[in-house]
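Reviewing the structure listed below.
We count residues from 1, following the sequence as given.
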Amino acid sequence: MVTNKTASKQDEQEIIELWDRSVTATHDFLTQEDKETMREEIPGLFQFVDLRLWYDEDRLVGFSGRKENSLEMLFIEPKYMGQGYGTAILQELVSHYGITLVDVNEQNPAGKKFYFKNGFRIYDRSSVDGQNRPYPLLHLTNS
């Protein structure tokens with residue numbers, strides 16, 4: 001159903017645009033200022049993760065970023081949400097890349113539901129996100 005390839009520097013703009021559409025669809029709790037700041041920060045994170053583009057045939061459906069066994073980012077193109085692509089990508093990441101950890105914003109009910117449905121459970125909570133912004137994170141594991 002889905003295939004992937006390692007992202008390159010040339011894919012960066014397309015990834016940022018997909019991120020923006022995905023966050024707009026799913027992260028309505030973010031302030032516009034924080035969203036703009038995050039958009040500027042995202043490219044700097046790419047070098048620290050195994051960044052993959054996910055396709056259904058020739059259609060880009062999402063991207064992921066993994067660091068060791070931690071899923072650092074997973075974003076799906078909004079028009080493909082709810083069609084099983086996120087689950088297929090996550091299952092591939094778990095089975096072939098050893099993902100056992102992921103963080104999800106506490107204020108993101110769809111994200112929480114998605115990870116819980118896929119066998120993840122809460123093992124810890126932070127009152128702020130990784131950049132000390134007031135967006136609590138739930139730390140999840142499937143092990």
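Distance CD1/Ile122 to NZ/Lys112: 7.0 Å, rounded to 0.5 Å.
Of all non-hydrogen atoms in Leu74 and Gly86, the two that sit nearest each other are CD2-O, 4.4 Å. Nearest heavy-atom pair across Lys35 and Trp19 is O-CH2, 3.6 Å. Phe120 and Leu101 make their closest contact through CE2-N, 4.2 Å (heavy atoms, listed as atom of the first residue, atom of the second, distance).
The closest side-chain heavy-atom distance from Met81 to Thr26 is below 4.5 Å. Side-chain atoms of Phe114 and Val104, non-hydrogen and from C-beta on, never get closer than 4.5 Å to each other. For the pair Ile99/Asn69, no side-chain contact is recorded, criterion being any heavy-atom separation below 4.5 Å from C-beta on.
In this model, no donor atom of one side chain and acceptor atom of the other lie less than 3.5 Å apart for Ser70 and Glu68. Using modelled atom types, one finds a donor on one side chain and an acceptor on the other under 3.5 Å when comparing Asp11 with Ser8. Side-chain contact annotation: Asp56 with Tyr80, donor-acceptor N/O pair under 3.5 Å absent.
Residues passing the side-chain contact (heavy atoms from CB on, under 4.5 Å) test with Arg125, sequence neighbours excluded: Glu106, Ser127, Pro136, Leu138.
A donor-acceptor pair under 3.5 Å is absent between the side-chain atoms of Ser22 and the main chain of Leu18, judged by distance alone.
Classified by interplanar angle (parallel below 30°, tilted 30° to 60°, perpendicular above 60°), the ring pair His27/Phe75 is tilted.
Between Lys9 and Glu12 there is a salt bridge, since a side-chain N of the basic residue sits under 4.0 Å from a carboxylate O of the acidic one.
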